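Each remark here refers to the structure printed beneath this line.
Letters go in sequence order (proteins before strands), and every chain restarts at 1. It should be emphasised that the depicted structure is a prediction, and the values quoted were computed from it without experimental measurement.
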There are 2 protein chains.
Amino acid sequence: MAGGRQREFSQQKALESAMQVFWKKGFVGASLTDLTTSMGINKPSMYSAFGNKEQLFVKATQYYIDRYASPPFDLLSGDEPIKQRVARYLRSVISSQCHSDKPKGCYISLCVAESEGEQFPESAAEIVEQANHFGENALTDFFRTEQSSGNLAAGTSAEKLGRYFIAFLHGTSSLARGGRSEDELLALVNIAVEAIV
Amino acid sequence: MAGGRQREFSQQKALESAMQVFWKKGFVGASLTDLTTSMGINKPSMYSAFGNKEQLFVKATQYYIDRYASPPFDLLSGDEPIKQRVARYLRSVISSQCHSDKPKGCYISLCVAESEGEQFPESAAEIVEQANHFGENALTDFFRTEQSSGNLAAGTSAEKLGRYFIAFLHGTSSLARGGRSEDELLALVNIAVEAIV
DNA sequence: TTTTTAATGTACCGATCGGTATGATTGATG
DNA sequence: CATCAATCATACCGATCGGTACATTAAAAA
């Protein structure tokens, strides 16, 4: 009961392409021509597969969260000293922000910058805010757990520490976007992790 | 030899209004209708006074640099201990990023995010890059001077420290844009200044 | 007062925006 | 093979984009 012509493109690959266009140009700056050209499909195909520009953006953002933003958190686990694990996590994120064959900086950080404009759809702002709080909560929970394990002094605030490192990574994202080299940013990790006491 | 009708609006006030629109919506997201409505003038008046959208943006950015970004650097001077002066500077910038009757975050930081898109004019990208390096150099020079005055250990790198605090402020800018409160961000200053040894 | 110069308001320009109607093409289903 | 549902390519929609032509208005210069 479900006949018809088969889709000639991979939805996942098209989503990856669209995500990179949004990553580079932002939601407003990415035109449908930019998007469909990069995706290698026509406008009707995009509309039939993803709905509209807003829904395409939401799906692309979710794809980024799953594929790029979430995996580094696994690097926080392990038997090494806490500073070493945090440094490993920070370096991984920074390297991702500086990757030469991707747009520079953090996709989510760029969305935050753009989310204040009225042209930015509400559903997009919601998922961006959700992604932002997810990252901060993940770090905060991590420090809370480490604190109860005795790896972090009881006097320090896990919330503050989580917020501090999220701020640090938003900062490196902006500097990466501005053209600073990966080495210049990786060198800051040693300074940042000294906040853990 | 210079007759003619007088301009009925203040160029400075119009520039301030335009700057706030760019600050909120970005270069691409701010339409001429948005801009001229906020400036309280018509399109021909804007074109005659500022040239075009690109030149208006460049002048608005320069206005932000002179009026908002530069003054806080003066807070680095004084007889107090270096950590205290740096903390004072950081708190001033963060307060500015969280001011309730202005767009949240740092105008320059938002421009950096947008500057990768092709719709962002080259002259605008140049002044943004220039502003970015100015801030980083100002901090680096500050730490170098403090180092030669003996207020900073000889082993630490002034460049790294300058870059670190610029990253920190870009980070708080992003968090402010994302809705974090001024108090939440000010609380991070105590952590950050401990990088000074 | 007359002349000249510039700013203003309106109405408009071609180009591009996000989004769609339509018909040809494809291929699984009966 | 014939049917039918879904995708494809093209061409187009109204709205908005940045930018301007033109006539009017105001004020300085003569």
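Going from atom CD of A:E54 over to atom P of C:dG19 covers 8 Å, rounded to whole Å. If you take CZ of B:F57 and P of D:dG19, they are 14 Å apart, rounded to a whole angstrom. Atom pair B:D34:CG and D:dG18:C1' shows a separation of 13 Å (rounding to whole Å applied). Residue A:Q11 contributes atom CD, which lies 10 Å from atom P of D:dC8 at whole-angstrom precision. Distance, B:K43 NZ to D:dT20 P: 11 Å, rounded to whole Å.
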>> ring pair (Phe, Tyr, Trp, His ring centres under 6.0 Å) for B:Y89 and B:F73? Distances and angles first, verdict last.
In response: CA-CA 7 Å; B:Y89 163 74; B:F73 285 108; 5.2 Å; yes

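Electrostatic pairing of A:E182 and A:K104 does not count as a salt bridge here, judged by no charged N lying under 4.0 Å from a carboxylate O.
By the 30° and 60° cut-offs, the orientation of the rings of A:W23 relative to A:Y107 is perpendicular.
Closest contact between the side chain of A:S45 and the listed nucleotides C:dT20, D:dC8, C:dC17 involves D:dC8. Of all nucleotides listed (D:dT25, D:dA28, D:dC8), D:dA28 comes nearest to the side chain of B:Q6. Taking the side chain of B:S48 as heavy atoms from C-beta on, and the options C:dG19, D:dG18, C:dA7, the nearest nucleotide is C:dA7. In the set D:dT20, C:dG9, D:dC8, the nucleotide with an atom closest to the side chain of B:N42 is C:dG9. In the set C:dG9, C:dG19, D:dA9, D:dA9 carries the atom at the smallest distance from any side-chain atom of A:P44. Candidate nucleotides D:dC8, D:dG18, C:dA28 were compared by shortest atom distance to the side chain of A:R7, and D:dC8 ranks first.
Side chains of A:F9 and A:M39 form no contact here, defined as non-hydrogen atoms less than 4.5 Å apart.
Residue B:N52 is the one, among B:N52 and B:R5, whose nearest nucleotide of DNA chain D lies closer to the 5' end (criterion: closest heavy atom).
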